[in-house]
Amino acid sequence: MAVRTVRWLMNLSAKNSNPNHLNNLFFSWDLSLIETLRPLAHSFYLRSATKVAPELLGKGLYVRHKKKHFFCQIIEVEAYLGSTDPASHAFKGPTQRNRSMFEEGGTCYVYLSYGLNYCMNVVTDIEGKGSAVLIRSAVPLFGLKEIAKNRHISGPLDAKNIKNLLSGPGKLTQGLGIDRSFDGMRFDQDALKIVDLKYTVPKKQLGFSPRIGISKAKEKNLRFFIKGSEFLSRP
DNA sequence: TCTGCGATATTC
DNA sequence: AATATCGCAGAC
């Protein structure tokens, strides 16, 4: 493994270091290295969304689309619990839109929100449960210029703009070029994968809160995020 | 920094 | 009629 990868991973593991502060991003990932990272094991996804969601924090998400390559680190998610959860798309059973939610864990569910923005979910648990984890925001690690282009952000890639690249579920999909064509794909492919970055969120940096923008089941703390990160959808 | 609003697919 | 959103305009 390249020296700088090791250094970066050590940086992540260092006590009290927050991987999601801008200062820790002065690391340049190269593509050949990202491509060697192995997808998470199938068994990782075959658990409840409540279990999987906080463990997705700190994981790497790689997307290859139209010969463009993107890599980012997940820092904010929400768990949706399937047919028992009134806030979940799966609550009322399968429809044409949410069909892939009922596939086996490790499947990608993408839907169009408010007729405008796509949102990307990681399906969890066994087939038929309909539980999933919404990816809300991420730290961009590779392909920043292309992400900015997709986001229609012009001007310099300064701190302000970089923090705005993937800080929201709609921004994330727009930045990475995710659309309905990703719906039903799996996260263990060459072109779409979630990988382990050997980083465990320190207990004191694991934040949780109610989910954002819902009207039902508001009291449940099913949003999980890395506390203090500058890349969250809301500070 | 904060509000309200418009754009609009899918489902009930 | 409501929604798992975003960016902008205009008020503070």
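In the text below, chain A, chain B and the rest are named by the order of the sequence lines, each starting its count at 1. Fair warning: this is a prediction, and the values are worked out from it, not measured in the lab.
No side-chain heavy atom of A/Tyr62 sits under 4.5 Å from any side-chain heavy atom of A/Leu37.
Classification of A/Asp158 and A/Lys163 as a salt-bridged pair fails, no side-chain N sitting under 4.0 Å from a carboxylate O.
C/dC6 atom C1' lies 11 Å from atom CZ of A/Arg136, rounded to whole Å. To the nearest angstrom, P of C/dT5 lies 15 Å from CD1 of A/Ile135.
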Can you give me the dot-bracket string for DNA chain C, 5' to 3', counting Watson-Crick and G-U wobble pairs with both distances under 3.5 Å, using [ ] for crossing pairs and | for partners on another strand? |||.|||||||.
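Ring centroid separation for the pair A/Phe142 and A/Trp29 does not come in under the 6.0 Å cut-off.
Between the A/Asp196 side chain and the A/Leu40 main chain, no donor and acceptor come within less than 3.5 Å of each other.
The side-chain ring of A/Tyr114 is not stacked on the base of B/dA7, judged by centre separation under 5.5 angstrom and plane angle under 30 degrees.
OP1 and OP2 of C/dA2 both lie 4.0 Å or more from every side-chain N or O belonging to A/Ser215. Considering only side-chain N and O atoms, A/Lys171 lies under 4.0 angstrom from the phosphate OP1 or OP2 of C/dG7.
Both the sub-6.0 Å distance and the 45° axial angle are not jointly satisfied by A/Arg47 relative to the ring of A/Tyr45.
Rounded to the nearest 0.5 Å, atoms CG (A/Asp183) and OG1 (A/Thr107) are 9.5 Å apart.
Between A/Gly115 and A/Lys92, it is A/Gly115 whose nearest contact on DNA chain B lies nearer the 5' terminus.
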